[in-house]
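As structure tokens, the structure follows; a few thoughts come after it.
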Amino acid sequence: MIHASALSKTFQVHKKSAGFAASFKSLFRREWLNKQALQNVSIDVEPGEIVGLVGANGAGKTTLVKILAGIIHPTSGEARVLGYKPFDRHNDFRRQISLIMGQKAQLWWDLPAEDCFLLLREIYQIPHPEYRRSLDYLIEAMGVKDQLNIQIRRLSLGERMKMELIAALLHKPRVVFLDEPTIGLDLSAQMAIRKFISDYRKENKPAMILTSHYMEDIEKLCKRIAIIKEGQIVYDGGLSKVIDKYATQKILSVAIDVEGQPMPSEKDLKLAHVQGVAIDGNIVKLNVERKNTTTVASSILKNFKIKDLSIEEEEIGNIIEALIRKDKK
Amino acid sequence: MSWFRAIYSMEFRRIFSYRVDFWISFLGSVAGEIAVAYFLWDAIYKKNQATEIAGYSFTMMILYYVFAAFGGRIIRGNERMIVATDIYDGGLTKYLMYPISYVLVNFAQALAYNTLTLVQFALGIAAMFLLFGKPAELDLEVSNFIMGISTCLVASCFYFVLYVTIDYIAFWADTVWSLSVMYRFVAQFLSGIYVPIEMFPASFVKLVYFTPFPYIGAEPIKMFLGRSSWQQWVHVNIMIVLWIVPAMFALHIVWKRGLKTYTGVGI
């Protein structure tokens, strides 16, 4: 449904040093930099699948989404969405896709949401009964019935984002691009939007690409992720498989039995092969190299009186974050 | 094209949302232009003790500016640089996602504005004649108004195409405010909105008629003043349409090329 092969995009950016002299000089002569936003990116997304695009700021996530949505032209490579070349922006293509941008309002700022939805009904030529059914379902799911007649610019960020989602899904798109849909929202709004996206996906089975800086969005919604670093996809696969591939540590969680004996100090717990120690009451968490987990667990059992011991995997979010921050290769 | 009607109607709702701005622009702007012209030409006629300048009596000169102010607003429509702003701040992105033509969206918005200026024109002229009476020198023929208004509407299409083409330069230059102001000044000057074209040297007037501008200013004003025939009306409208064709071609080329440089900033 979404197919991209060897996509590259280079932007030309005006380089401008700080200060008055540099500004004045730029009136006559400018230096331009070629910024490679994407390099040889290939990705495929099937119907009903939701892929999380993860990467640091400027890694190329949004550029990839913009190319696949037909907003910008790739420098090289090929993209096909629903069998169309996105940049041709064929009307049949545009009737079947949607882009939700957390950082950019798409609804008409000066109008109430209901007027915006009516306009979208005309734009997408949605038959009236179908429009009413879709709208009622989406309003109910998002809980925004009371805000429909308020100007968009007067809504809170969370309310506006909910309206944006409704507007983007009214025409039941077969491909949905979600670019940071929960950015800046409070926890309850984030949860509501995640639940809504999840329910919508189950019911309508669109192909979805989600970019987000919130790991919770990715963990809750995506079984598959693509990690972009400096314009290249460095990992594309199952979310759970990230651990097998990139986790270098395991976490030993130990409940120390402190009855009749003092709690061991951090120094006591820093056994061989232990890379980090965190103590919270009588619970100790030890970061241990994966290959030495058994050895360290045996040492713990031998040296301390314990109530419980468990071996946990590293948090996926931490692994991905480390990958993005270039801590790991 | 029901979406076209929806955008057209939405633009009214948007304009009516801001009532202070609406009433100031509806009542104030034209009155200001006419007042400036009145005091300026009053001083010129008195200083020269003239009864006629370039074929215009003082009354006809003021009427020229009345029709230039109202007609000019119909022709210029909405000059809010919406297109350039959309390109500059990435607002264009949403329209690229919708299965509609962006230029037609803008045209629908401009048409809504034109409709309001038409209402303003009708009410303004009626109010003036009620307040000051009908000038004896003016033939109040319905045909003059039909010719004038229809030509203003055709001219507004040409003005729109050229204005949007200039806005598209924002694909490369980011901001085109100065270019837009320059276009407005040159277009109004050459079309006789500031000063009747008859006042320029004959050779210059001849040259100006090789451009589209007299057809989108001086000529429709002459129609309102009863100085044109139906034959001239046909000629003027054909000339405007002939200018619209290459202008639309230029618009299409600039749009196609510009879009390839669009980066969708702000997302």
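So you know, we letter chains A, B, ... as the sequences are listed, proteins then strands, and number each from 1.
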Could you tell me whether a side-chain N or O of A/Arg94 sits under 3.5 Å from a main-chain N or O of B/Tyr98, the two making a donor and an acceptor? yes
Does a sphere of radius 6.0 Å around CH2 in A/Trp32 hold more than 12 heavy atoms from other residues, nucleotides or ligands, not counting ones at 6.0 Å or beyond? yes
Look at the rings of A/Trp108 and B/Tyr95 and say which category their plane angle falls in: under 30° parallel, 30 to 60° tilted, over 60° perpendicular. perpendicular
Interchain contact, A/Thr63 with chain B, by part (heavy-atom threshold 4.5 Å): neither
In terms of heavy-atom contacts, does CE of B/Met248 have more than 12 from other residues, nucleotides or ligands at under 6.0 Å? no
Check the surroundings of atom CZ in B/Phe16: do more than 12 heavy atoms from other residues, nucleotides or ligands lie under 6.0 Å from it? yes
Find the distance between CZ (A/Arg121) and OG (B/Ser2) and round it off to the nearest 0.5 Å. 7.5 Å
How long is the straight-line distance from CG of A/Asp110 back to CD of B/Glu11, given to the nearest 0.5 Å? 8.5 Å
Would you compute the distance between atom CD1 of A/Ile71 and atom OG1 of B/Thr93 and round it to the nearest 0.5 angstrom? 5.0 Å
Find out whether B/Arg14 and A/Trp109 are in side-chain contact, i.e. whether some heavy atom of one side chain is under 4.5 Å from a heavy atom of the other. no
Inter-residue atom distance A/Leu120.CG - B/Lys94.NZ, 0.5 Å rounding: 9.0 Å
A/Gln12 versus chain B, the contacting section by heavy-atom distance below 4.5 Å: neither
Within the 4.5 Å heavy-atom criterion, are B/Trp3 and A/Tyr124 side-chain neighbours or not? no
Using side-chain heavy atoms (C-beta onward) and a distance below 4.5 Å, is B/Arg13 in contact with A/Leu111? yes
Using the side chain to side chain contact (heavy atoms under 4.5 Å, CB included) rule, take A/Ile97 and B/Met97 through it: C-alpha gap first, then chi angles, then the decisive distance, then the call. CA-CA 8 Å; A/Ile97 65 159; B/Met97 298 297 299; 3.4 Å; yes
Evaluate whether atom OH of A/Tyr131 has more than 12 neighbouring non-hydrogen atoms of other residues, nucleotides or ligands under 6.0 angstrom away. yes
Might you point out which heavy atoms bring B/Gly264 and A/Ile72 nearest each other, and give the distance in Å? N-CG2, 4.3 Å
Testing the basics here: between A/Lys66 and B/Thr263, what is the closest heavy-atom pair and its distance to 0.1 Å? NZ-O, 2.8 Å
For B/Leu92, is it the side chain, the backbone, both or neither that has a heavy atom under 4.5 Å from a heavy atom of chain A? neither
Heavy-atom nearest pair, B/Ala6 first then A/Glu122, reads CB-CG, 3.6 Å
Is it the case that atom CZ in A/Arg132 sees more than 12 heavy atoms from other parts of the structure closer than 6.0 Å? yes
If you count every heavy atom of other residues, nucleotides or ligands that lies below 6.0 Å from B/Trp177 atom CH2, does the total exceed 12? no
Verdict with supporting geometry, A/Arg89 and B/Leu96, side chain to side chain contact (heavy atoms under 4.5 Å, CB included): CA-CA 8 Å; A/Arg89 292 193 322 284; B/Leu96 295 179; 3.9 Å; yes
Tell me, for A/Phe93 versus chain B, whether the close heavy atoms (under 4.5 Å) come from the side chain, the backbone, both or neither. neither
